[in-house]
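Before any comments, here is the structure.
Just follow the structure's listing: the first ligand is 1, and inside any ligand the first atom is 1.
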Amino acid sequence: MWTCKTTWKKLAPLARTCSTLCRQNARRTVLNSDRRLPMVTQAHMSSGTPGSGGDNNLYYLLVGATCIAGGFYAYRTIKGDQERYNERMNEIASRANKVAEQAETYLPEEPRGDEAVETPEETSPEVTAEEPEGPPVELEAEIAEEAPVADLALEEVVEMPCAPTQSEPSPVAESPPAETAEPQTTTVTESAADPATDEPTNVPPPAPVEFPSHAPYLLIGGGTASFAAARSIRARDPGARVLIITDEPDLPYMRPPLSKELWFSDDPGVVDTLRFKQWNGKERSIYFQPPSFYVSPQDLEKVENGGVAVLTGKKVVHMDVRGNKVTLSDNTEISYDKCLIATGGVPRNLQVIERAGEEVTKRTTLFRKVEDFKALNKVSRDTKSITIIGGGFLGSELACALGRRSADSDLEVIQMFPEKGNMGKVLPEYLSNWTTAKVRSEGVRVITEALVKGVSFKDGKVEIKLKDGRVVKTDHIVAAVGLEPSVELAKSAGLEVDSDFGGYRVNAELQARSNIWVAGDAACFYDIRLGRRRVEHHDHAVVSGRLAGENMTGANKPYWHQSMFWSDLGPDVGYEAIGIVDSSLPTVGVFAKATAKDTPKAATEKSGTGIRSESETEGTASSTATSSTPAPPPEPQQKDDYGKGVIFYLRDKVVVGIVLWNVFNRMPIARKIIKDGEEHADLNEVAKLFNIHED
Ligand SMILES: Cc1cc2nc3c(=O)[nH]c(=O)nc-3n(C[C@H](O)[C@H](O)[C@H](O)COP(=O)(O)OP(=O)(O)OC[C@H]3O[C@@H](n4cnc5c(N)ncnc54)[C@H](O)[C@@H]3O)c2cc1C
């Protein structure tokens, strides 16, 4: 039937040509003989050229020739089709082999249970659901301030019975698991077993399934905010299928230890285990959860109770917000119902380094990821001199960490920055100077007021020229000069990027437009107390990610959290900060003598937590002393001993930021002061709320 149809299609034009010719001849005959045609057969009509009987002979000749040509054409066509049919059969027969070969190249990082027998696969430890993980399950870095989600144990998440979802579930999420997962394997099996099937089809074989083509919840970025969102989605929608896509090769992990505890570990294998001792001595991993927590991406659509899958090493390069789908760098498309953008940011570099050529750039580390920690750790053992450019929290933490390491080696550690002292953009000058002295005491050569003018590579050394003529020679540079929020998707998605702070502008519910939320470092949100902001804090990533996740399941909650951040210059000195902490604002500092209890180490020992935002509780905040006449900011009481204290940052006489210097676990009080937004006549009185004198 199929063959006849094809042949007819090919002969049809020929037949149409004949018929047209006949009709034209007939019309000409009528016109020329000026008479009406009698009732004759069509053959007579069409063959008759005006004039003689010889005309009919010509007509027969023409028809005969046409028939022979038509017959020959039909024969060729049928034969050609037969050959193509045979080729197709052969191709189908060989398809099973091809699929098996492809499976070796693309297929999943983990075994797929019963399907594994049909397609040989390589396995990767990252997302293997069944793989038993050595260390016990880690609990996530969380603050227990708001949602009950934070308390949800890992086992509960994974083994939660399938429950009706609160969000609008996608058709895929609801389809029976067996059906969604089947097509790939079925096709392979059939073609392999029965290559000479009677029903050849023109449908190409589907590519091996590496990940689902649809995710009800799609989270772009595999960092802290995404992980927090995944957990809260699962807590509110226990059957949810959540797909995290990250361009990093790792499962979600926390970044703060990369510049702190990991450097102080006495385990030589720390770069491989990425396990570290918290200041309080407890051991934990930087990963939020072990691989066994996650479902494999290719199983996401079929696992009974849903789960969280992570697609590692894949970058989202395009968003089609009308079509509700994203495109990955390898051109694959994944559609979604709800999408979170939690892309964080990438470290900035200095233009003078970028322009300095390959020899310099390959000796430069931009510090953000696990690989950067591993690379810098190696550099610190293989080279003689490392220079950190940047005086913020990251640069100062790394300087202290490397400085400590230099005590037992001949490593030279230099830190340089344009400010007068470490963390000069955050801390008031006296405290910044004190911090610089502290960093120097860790063995770091600190060069202040250093503006880098040029960088070059000469005689096996990196040469850094400063604006004032000083030259520093070193082996390796760490550029810790800030973060650029990752907003590459803004263009294709048509999302607004804030021109002042960078980051995607979101509304109070952290939504950038329908079905799209943004959380973490990449979000520029509206803070009802302090105006529009974008912050780069672990705590903000956790809480905004969690809230975005809740809102993706329909909670519709506003983001009113005042996030905090912390920084430790090793185990002995640390600070926690909240609100706008900008040293260009007027500040008031109230200090007391520190005791052995006032260190990050002691604080974590006391609270039993490693990540400081975890230890926060709202309950301890009491009301503050208030007054309508602000007092002039007092000078710090102890000029040389800033053991511990509270620094208030004022805008229009109202406290907009607070640094707790070696004062720990009092953040809820600070948060309340900022939230109240009142003028205080005597900030010494307010400082008493933090009990800095009593402890
Ligand atoms: C070394 C270090 C120490 C820190 N210490 C502290 C601290 O002590 N206290 C504190 O409060 N904060 C600290 N921070 C900041 C804190 O870690 C960040 O604020 C937090 O990680 C932000 O989380 P996020 O999820 O928004 O972004 P990230 O954690 O950066 O995660 C974003 C992820 O998305 C991926 N991604 C980006 N674009 C794409 C794309 N198109 N497709 C797929 N994947 C993509 C990125 O590769 C990344 O994995 C520190 C940061 C660093 C680097």
Considering only heavy atoms of [X], which atoms of ligand 1 have at least one such atom less than 4.0 Å away?
X: Lys314; value: 43 (C)
X: Gly520; value: 26 (O)
X: Gly222; value: 33 (C), 34 (O)
X: Thr224; value: 21 (O), 23 (O), 25 (O), 29 (O)
X: Glu248; value: 47 (O), 48 (C), 49 (O)
X: Lys315; value: 40 (C), 41 (N), 42 (N), 43 (C)
X: Gly223; value: 25 (O), 29 (O), 31 (O), 33 (C)
X: Ile245; value: 43 (C), 44 (N)

Legend entry - ligand 1-proximal atoms of Ala541, by part, heavy-atom distance under 4.0 Å: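 Side chain only.
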Legend entry - Val317, portion touching ligand 1 at heavy-atom distance under 4.0 Å: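 Neither part.
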Parallel, tilted or perpendicular: rings of [Y] and [X] (30°, 60°):
X: Tyr287; Y: Tyr253; value: perpendicular
X: Phe367; Y: Trp263; value: tilted
X: Trp661; Y: Trp434; value: perpendicular

Legend entry - Electrostatic pair Asp521-Arg368, nearest N-O below 4.0 angstrom: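 Salt bridge flag = yes for Arg368 with Asp521.
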Inset, instruction - Apply the side-chain contact (heavy atoms from CB on, under 4.5 Å) test between Asn551 and each candidate in Lys338, Lys557, Arg236; give the one that qualifies. - result: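 Only match with Asn551 under side-chain contact (heavy atoms from CB on, under 4.5 Å): Lys557.
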Inset, instruction - Scan Ile658, Leu431, Val581 and name whichever one has a side-chain contact (heavy atoms from CB on, under 4.5 Å) with Ile647. - result: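 With Ile647 as partner, side-chain contact (heavy atoms from CB on, under 4.5 Å) holds for just one option, Leu431.
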Legend entry - Pair Thr343-Ser486, side-chain donor/acceptor within less than 3.5 Å: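 Not at all, the side chains of Thr343 and Ser486 share no donor-acceptor pair under 3.5 Å.
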Legend entry - Between Asp539 and His561: side-chain donor-acceptor atoms closer than 3.5 Å: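 On atom types as modelled, these side chains qualify, holding a pair under 3.5 Å.
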Nearest-neighbour protein heavy atom for [atom], which is reported as residue plus atom name and distance:
atom: atom 5 (N) of ligand 1; result: Lys260 NZ, 3.0 Å
atom: atom 29 (O) of ligand 1; result: Arg255 NE, 2.8 Å
atom: atom 50 (C) of ligand 1; result: Phe393 CE1, 4.1 Å
atom: atom 19 (O) of ligand 1; result: Asp521 OD1, 2.8 Å
atom: atom 13 (C) of ligand 1; result: Pro256 CG, 4.0 Å
atom: atom 47 (O) of ligand 1; result: Asp247 OD1, 2.5 Å
atom: atom 11 (O) of ligand 1; result: His538 N, 3.0 Å
atom: atom 42 (N) of ligand 1; result: Val316 N, 2.9 Å

Inset, instruction - Check whether any heavy atom of Met254 sits under 4.0 Å from an atom of ligand 1. - result: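 False for this residue.
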Inset, instruction - Consider ligand 1: state whether an atom of it lies below 4.0 angstrom from any non-hydrogen atom of His540. - result: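 Outside the 4.0 Å threshold, so no.
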Inset, instruction - Would you indicate whether Lys369, at its atom NZ, is surrounded by more than 12 heavy atoms from other residues, nucleotides or ligands within a distance under 6.0 Å? - result: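 Buried by this count: over 12 neighbours within 6.0 Å.
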Inset, instruction - List the steps, then state whether side chain to side chain contact (heavy atoms under 4.5 Å, CB included) holds for Ser329 with Lys314. - result: CA-CA 7 Å; Ser329 41; Lys314 300 279 176 191; 5.5 Å; no
Inset, instruction - Applying side chain to side chain contact (heavy atoms under 4.5 Å, CB included), run through Ile386 and Ile414 and close with a yes or a no. - result: CA-CA 6 Å; Ile386 299 179; Ile414 302 166; over 6 Å; no
Legend entry - Exercise: identify the closest heavy-atom pair between Thr246 and Asp250: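 Taking Thr246 first and Asp250 second, the nearest heavy atoms are CG2-O, 3.9 Å.
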Legend entry - CG-CE distance between Leu495 and Met319, expressed to the nearest 0.5 angstrom: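 The CE atom of Met319 is 6.5 Å from CG of Leu495, to the nearest 0.5 Å.
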Inset, instruction - Can you figure out which of Gly574, Ala225, Ser563, Pro249 has its heavy atom closest to atom 24 (P) of ligand 1? - result: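 When every heavy atom of Gly574, Ala225, Ser563, Pro249 is considered, Ala225 comes closest to atom 24 (P) of ligand 1.
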